[in-house]
Asks: 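Let me begin by handing over the structure; questions about it come next.
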Amino acid sequence: MKRKMRIRRKVLRKSRFKSAAPASPGGTYDEGYNAGYNSGYNGGHEEGYRQGRYDGEGRNEWKDGVEGLIDSFIPSYEILPDFTAEQIVAAGVEHLRPQMRHLLTPEEIGARILHALDTRSPFSLVRIGDGEILTLSQGVVLSVDQVREQGYFLGYAGIDVPDFEARDQLRDAIRLASVVGIPKLRVRNYQPLAIAAFRAHGLDYHSLALTDSLINYYLYQAGYMSKIVSGRRVLIAGKLAEPLADYMRRNGVHVVDTITPVEGVKDVPRVMAEIATRDFDIALVAAGIAAVLISQRIATELGKVAIDFGHLANSMIKGEAPFQ
């Protein structure tokens with residue numbers, strides 16, 4: 001089960017670092033703002049100070065707060081009073097710019113997919129969210145008990161922890177996929193845990209073609225979804241395959257068939273056997289963790305194009321993402 005969009009929306013709605021609003025000429029805004037700010041600050045500062053955590057960092061169990069972390073790098077009897085935590089962090093990030101790893105953009109991914117379709121070349125786009133990362137972490141980064149506790153939702157995605165066979169299948173699928181979407185967010189069970197799991201499994205992420213795990217939404221927003229399916233024979237696999245097929249057919253897409261349901265990772269062999277009998281150009285797979293395995297195998301075993309479609313299917317069916 002992928003919960004990527006929900007967590008990203010939360011972050012977008014509420015920035016972790018808030019800057020003070022500019023003063024208004026009339027002064028009314030200043031008075032209200034200062035009164036509210038001081039009240040909230042005084043009420044929360046003491047508790048926050050006792051916890052030693054910066055605002056927004058309380059969820060990171062293994063990290064000190066940003067301010068405390070900065071303090072640990074400043075020599076005794078020295079302070080940086082003229083710089084905010086944001087400015088200090090920004091300066092450090094800028095210093096590390098040469099070490100940044102490029103994530104393929106929607107335009108780059110869209111061009112690769114269209115090229116694969118035009119040349120009838122195999123291509124798979126898979127995406128790794130918290131469910132996949134926790135599955136991949138079983139027994140190598142996190143204990144089984146930790147994964148069971150933090151991945152309480154994995155049962156709905158077809159993973160009965162411990163499931164080391166699914167873990168290893170996921171590892172192999174990531175290694176063989178054309179492009180792998182990973183979380184950009186540096187929060188618990190997302191990017192940091194993904195990189196740790198990659199290292200534990202000997203997956204060299206420097207050699208992988210990487211993109212943002214929300215690339216399915218970004219491709220849609222950039223108008224590539226309609227370009228990708230236009231004039232193609234489309235196969236749809238997953239729990240929502242039928243309603244998604246109806247939606248796309250109403251918008252002129254040639255959906256040749258659907259494979260549904262997909263009952264988790266253990267159902268992948270049956271689903272692949274069915275897919276192998278179908279004639280199509282591109283497959284859209286919305287099947288939770290199983291979508292990673294199915295998409296990769298469609299490319300490597302059948303020589304087709306496959307996209308891990310995810311919850312974009314839900315958004316389209318609900319009318320939240322009009323066809324474009």
Side-chain angles (χ1 to χ4, degrees), residues 1-9 124-136 151-161 163 165-167 169-170 173 177 181 213-217 219-220 225 228-229 232-251 253-278 280-299 301-302 304-323:
M1 178 181 295
K2 293 186 174 72
R3 302 182 299 157
K4 306 178 184 77
M5 197 58 183
R6 183 172 61 186
I7 189 73
R8 179 64 62 85
R9 283 172 175 167
S124 58
L125 171 60
V126 305
R127 302 176 304 106
I128 309 302
D130 55 347
E132 290 81 4
I133 296 168
L134 285 167
T135 300
L136 200 62
Y152 58 89
F153 56 89
L154 287 174
Y156 297 103
I159 300 294
D160 185 14
V161 179
D163 191 336
E165 182 179 3
R167 177 198 66 187
Q169 289 176 347
L170 192 57
S213 58
L214 293 179
I215 190 63
N216 52 337
Y217 289 97
L219 283 170
Y220 164 78
M225 282 304 174
I228 288 168
V229 299
R232 315 289 182 181
R233 296 170 301 169
V234 180
L235 174 74
I236 303 177
K239 181 180 179 180
L240 298 176
E242 291 294 349
L244 180 60
D246 291 341
Y247 171 87
M248 290 202 163
R249 284 169 177 146
R250 290 196 302 270
N251 285 278
V253 179
H254 180 34
V255 179
V256 296
D257 211 340
T258 59
I259 307 292
T260 187
V262 177
E263 302 290 354
V265 171
K266 288 181 171 57
D267 201 25
V268 170
R270 179 194 64 81
V271 172
M272 283 303 305
E274 287 198 41
I275 291 175
T277 66
R278 306 312 203 266
F280 61 96
D281 300 314
I282 181 171
L284 307 179
V285 187
I289 295 173
V292 176
L293 309 184
I294 295 170
S295 298
Q296 173 263 310
R297 289 184 59 177
I298 287 174
E301 297 176 13
L302 305 179
K304 306 284 189 178
V305 176
I307 296 176
D308 178 354
F309 208 65
H311 283 108
L312 180 57
N314 303 66
S315 299
M316 285 185 164
I317 293 167
K318 293 177 181 178
E320 298 170 352
F323 190 78

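Below, all heavy atoms of this structure are taken into account, side chains as well, without hydrogens, waters or symmetry copies. Sequence positions, counted from 1, serve as the residue numbers for this chain.
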Asks: Tell me the closest heavy-atom pair linking Ile259 and Ala241, and the distance in Å.
Replies: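 Where Ile259 meets Ala241 most closely, the heavy atoms are O-CB, 3.9 Å.
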Asks: Under 3.5 Å, side chain of Glu274 to main-chain N/O of Val271, donor-acceptor pair present?
Replies: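 Absent.
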Asks: Nearest 0.5 angstrom please: Gln169 CD to Ile289 CD1, how far?
Replies: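 Separation between the atoms: 11.5 Å.
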Asks: Tell me, do Leu240 and Phe309 make a side-chain contact under 4.5 Å, heavy atoms counted?
Replies: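 Side-chain contact under 4.5 Å: no.
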Asks: Could you check Asp160 against Lys266 for salt bridge (charged side-chain N to carboxylate O under 4.0 Å, His left out), going step by step and ending with a plain yes or no?
Replies: CA-CA 10 Å; Asp160 185 14; Lys266 288 181 171 57; over 6 Å; no
Asks: With rounding to the nearest 0.5 Å, note down the distance linking NZ in Lys304 to CD1 in Ile275.
Replies: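 Spacing of NZ (Lys304) from CD1 (Ile275) equals 11.5 Å.
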Asks: Could you grab the distance from atom CD1 of Ile215 to atom CG of Asp308, nearest 0.5 Å is fine?
Replies: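 Separation between the atoms: 12.0 Å.
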Asks: Looking at CD of Glu263 and NZ of Lys239, how far apart are the two atoms once the value is rounded to the nearest 0.5 Å?
Replies: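 With rounding to 0.5 Å, CD (Glu263) is 8.5 Å from NZ (Lys239).
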Asks: Rounded to the nearest 0.5 Å, what separation is found between the CZ atom of Phe280 and the CD1 atom of Ile236?
Replies: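 If I round to the nearest 0.5 Å, the distance is 12.0 Å.
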Asks: Check whether Asp281 reaches the backbone of Arg232 with its side chain - one donor and one acceptor, N or O, closer than 3.5 Å.
Replies: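 Answer holds: no.
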Asks: Do Leu219 and Leu125 have side-chain heavy atoms sitting under 4.5 Å apart?
Replies: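 The answer is yes, as the side chains (C-beta and beyond) meet within the 4.5 Å cut-off.
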Asks: Can you see which heavy atom on Ala166 is nearest to which on Val265, and at what distance?
Replies: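 That closest heavy-atom pairing would be CB-CG1, 4.0 Å.
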Asks: Apply side chain to side chain contact (heavy atoms under 4.5 Å, CB included) to Arg167 and list each qualifying residue two or more places apart in sequence or on a separate chain.
Replies: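 Arg167 satisfies side chain to side chain contact (heavy atoms under 4.5 Å, CB included) with Gln138, Val140, Phe164, His201 only.
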Asks: Are Leu312 and Tyr217 side-chain neighbours, meaning at least one heavy-atom pair lies under 4.5 Å?
Replies: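 In contact.
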Asks: Find out whether Leu302 and Met272 are in side-chain contact, i.e. whether some heavy atom of one side chain is under 4.5 Å from a heavy atom of the other.
Replies: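 Answer yes - side chains close enough.
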Asks: Within the structure provided, determine whether Leu244 and Met316 are in side-chain contact (heavy-atom separation under 4.5 Å).
Replies: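 Yes, close enough: below the 4.5 Å cut-off.
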Asks: Among residues at least two apart in sequence or on other chains, which ones pass side-chain hydrogen bond (donor to acceptor under 3.5 Å, both in side chains) with Glu242?
Replies: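 Thr258.
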Asks: Answer yes or no: is there a side-chain heavy-atom contact under 4.5 Å between Ile298 and Val285?
Replies: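 Yes; the side chains approach each other to less than 4.5 Å.
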Asks: In Å and rounded to the nearest 0.5 Å, what is the CZ to NE2 distance from Arg127 to His311?
Replies: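 The distance works out to 9.0 Å.
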Asks: Does a side-chain heavy-atom distance below 4.5 Å link Leu154 with Thr135?
Replies: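 Sidechains of Thr135 and Leu154: in contact.
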Asks: Exactly one of Val126, Asn216, Ile228 should register a side-chain contact (heavy atoms from CB on, under 4.5 Å) with Ile307. Which one does?
Replies: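 Of Val126, Asn216, Ile228, side-chain contact (heavy atoms from CB on, under 4.5 Å) with Ile307 is met by Ile228 alone.
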Asks: What closest approach, in Å, do Ser124 and Ala299 show between heavy atoms, and which atom pair accounts for it?
Replies: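 Reported closest heavy-atom pair: CB-CB, 3.6 Å.
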Asks: Identify, with sequence neighbours excluded, every residue that meets side-chain hydrogen bond (donor to acceptor under 3.5 Å, both in side chains) alongside Arg249.
Replies: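 By the side-chain hydrogen bond (donor to acceptor under 3.5 Å, both in side chains) rule, Arg249 matches no residue at all.
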Asks: Backbone N or O of Ala313 within a donor-acceptor pair of the Tyr247 side chain at under 3.5 Å?
Replies: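 A pair under 3.5 Å: no.
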